[in-house]
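Here is the structure we will look at.
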Amino acid sequence: GDEAGAWFRGDVAGVLAARHLDADWVVTPVSSNTALEKSGWFDATRRTRIGSPYVIEGMAEAAAAGGRRVVGFEANGGFMTWQDLQYEDRTLTALPTRDATIVILSLLLAARAGGLRLSELRQTLPPRFTASDRLKDFPAELGRERLAALRAEGAPAIEALFPELGPVREVDETDGLRVTFARGDIVHLRPSGNAPELRCYNEAATERRASELNARCLAVLERWR
């Protein structure tokens, strides 16, 4: 947390840690905050399905494609490095399994180097905020059926389901159904892989908007039962 007690989400802390470690390629699940790309800090980014095995696979692919300082992170705060990284006069040995200490140290060192408080360090990122929740006791098979029908019907059906969000700009099917609307709001629907739940991830330009959007989406999805 920062000096005011506000917690860093893992996908925000991951971007800041990657920058401090001078990463050139960054790999993260499709559900992570798009401040990663909007920051413009990295040579390339790669999005994967949710889960550390997919991130690790993506890191291997990034290294094979020419990435020299490849890192990955998840929204839960786990951070991974693919190669040994030179940091000042020391070597950070590659650790392609989830770690949290490197994130904490990177944020503290980045804040000190920039003469910033942790809250000010967070503000160096583009203003993108995420919220997530889930519907419990929602069979995964039912969730897959609902999403398959929505995919088949396309943008008109999505816009009818969420009329206040306006036109659909982009649909990503990497893991579930992640929809970016023309105004910048994001709705990502995904059946859980290990529990009878339907998960909903949202992103918006303000924290309040992301939270409100998540509550609104869950209310709409309740009608899918």
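Atom NZ of residue K136 and atom CZ of residue R199 lie 10.0 Å apart, to the nearest 0.5 angstrom. One distance of note links CZ of R128 with OG1 of T206; it measures 9.5 Å at 0.5 Å rounding. To the nearest 0.5 Å, the span separating OG1 on T93 from CZ on R90 amounts to 12.0 Å. Between the CD atom in E145 and the CH2 atom in W224 there is a gap of 11.5 Å [rounded to 0.5 Å]. Considering CD of E222 and CZ of F138, their distance stands at 8.5 Å, rounded to 0.5 Å. T48 contributes atom OG1, which lies 7.5 Å from atom CD of E74 (distance to the nearest 0.5 angstrom).
At least one donor-acceptor pair under 3.5 Å links the side chain of D175 to the backbone N or O of I50. Counting only distance, with no hydrogens or angles, the side chain of E159 and the backbone of V168 share a donor-acceptor pair below 3.5 Å. The closest donor-acceptor contact from the side chain of T81 to the backbone of L95 lies under 3.5 Å. Between the E170 side chain and the F181 main chain, no donor and acceptor come within less than 3.5 Å of each other.
Around atom OH of Y54, no more than 12 heavy atoms belonging to other residues, nucleotides or ligands sit under 6.0 Å away. Around CZ of R225, the count of heavy atoms belonging to other residues, nucleotides or ligands within 6.0 Å exceeds 12. More than 12 heavy atoms of other residues, nucleotides or ligands sit less than 6.0 Å from atom CD of Q86. Around atom CZ of R208, no more than 12 heavy atoms belonging to other residues, nucleotides or ligands sit under 6.0 Å away.
Between the side chains of E203 and T34, at least one donor N or O lies within less than 3.5 Å of an accepting N or O. Side-chain polar atoms of E3 and S119 form a donor-acceptor pair below 3.5 angstrom.
Under the 4.0 Å criterion applied to side-chain N and carboxylate O atoms, D24 and R69 are not assigned as salt-bridge partners. Salt bridge status for E164 with R216: present, with a side-chain N to carboxylate O gap under 4.0 Å. Remark: D185 engages R209 in a salt bridge, criterion side-chain N to carboxylate O under 4.0 Å. Ion pair R122/E120 not flagged as a salt bridge, since none of the NZ, NE, NH1 or NH2 atoms sits closer than 4.0 Å to an Asp/Glu carboxylate oxygen. For D11 and R9, the salt-bridge test passes: some basic side-chain N is under 4.0 Å from an acidic carboxylate O. In summary, E37 and R47 engage in a salt bridge, as defined by a charged side-chain N under 4.0 Å from a carboxylate O.
Linking ILVMFWY side-chain heavy atoms closer than 4.5 Å, directly or via other members, places I186 and V171 in two distinct hydrophobic clusters. Using a 4.5 Å cut-off between side-chain heavy atoms of Ile, Leu, Val, Met, Phe, Trp and Tyr, with links allowed through other members, L147 and L135 fall into the same hydrophobic cluster. Taken together through direct or relayed side-chain contacts under 4.5 Å among Ile, Leu, Val, Met, Phe, Trp and Tyr, F129 and L16 form parts of separate hydrophobic clusters.
With contacts defined as side-chain heavy-atom distances shorter than 4.5 Å, the pair Y87/L109 qualifies. Taking 4.5 Å as the limit, every side-chain heavy atom of V15 sits out of range of all side-chain heavy atoms of N33. When side chains are defined from C-beta on, V12 counts as touching L125, because their heavy atoms get closer than 4.5 Å. Side-chain contact between D172 and L177 is absent, with no heavy atoms from C-beta onward closer than 4.5 Å. V30 has its side chain within reach of H188: a pair of non-hydrogen atoms, C-beta onward, lies under 4.5 Å apart. In this structure, the side chains of N202 and C217 come closer than 4.5 Å at one or more pairs of heavy atoms. Inter-residue side-chain proximity for M80 and V55 is flagged as met; some heavy-atom pair is nearer than 4.5 Å. A heavy-atom distance below 4.5 Å is found between the side chains of R19 and F42.
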| Is there a salt bridge (charged side-chain N to carboxylate O under 4.0 Å, His left out) between R151 and E153 once you walk through the steps? | CA-CA 5 Å; R151 287 191 192 97; E153 296 172 8; over 6 Å; no

| field | Pair L21-I102, side chain to side chain contact (heavy atoms under 4.5 Å, CB included): steps then yes or no | value | CA-CA 10 Å; L21 295 172; I102 194 172; 3.8 Å; yes

| message | Would T28 and L36 count as a side chain to side chain contact (heavy atoms under 4.5 Å, CB included) here? Give the steps. | response | CA-CA 9 Å; T28 194; L36 171 65; 3.6 Å; yes

| message | Could you go through L161 and L150, starting from their C-alpha distance and side-chain angles, then the distance that decides it, and tell me whether this counts as side chain to side chain contact (heavy atoms under 4.5 Å, CB included)? | response | CA-CA 9 Å; L161 191 63; L150 196 59; 4.2 Å; yes

| Given V179 and F162, is the side chain to side chain contact (heavy atoms under 4.5 Å, CB included) satisfied, shown in steps? | CA-CA 11 Å; V179 183; F162 304 106; over 6 Å; no

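Annotation for P29 and G51: closest pair CG-N, 4.4 Å, computed over non-hydrogen atoms. Nearest heavy atoms, G67 versus W25: CA-CD1, 3.3 Å. Nearest approach of S132 to Y201, heavy atoms of both residues: CB-CD2, 3.8 Å. The shortest heavy-atom contact between P191 and L198 is N-CD1, 3.9 Å. Considering all non-hydrogen atoms of both residues, M59 and G72 come closest at CE-N, 3.8 Å. In terms of heavy atoms, A17 sits closest to F79 at CB-CE1, 3.8 Å.
Partner L107 forms a side-chain contact (heavy atoms from CB on, under 4.5 Å) with one of L105, I104, V103 and no other, that one being V103. For the side-chain contact (heavy atoms from CB on, under 4.5 Å) with L121, the qualifying choice from L108, L116, D2 is L116, the only one to do so.
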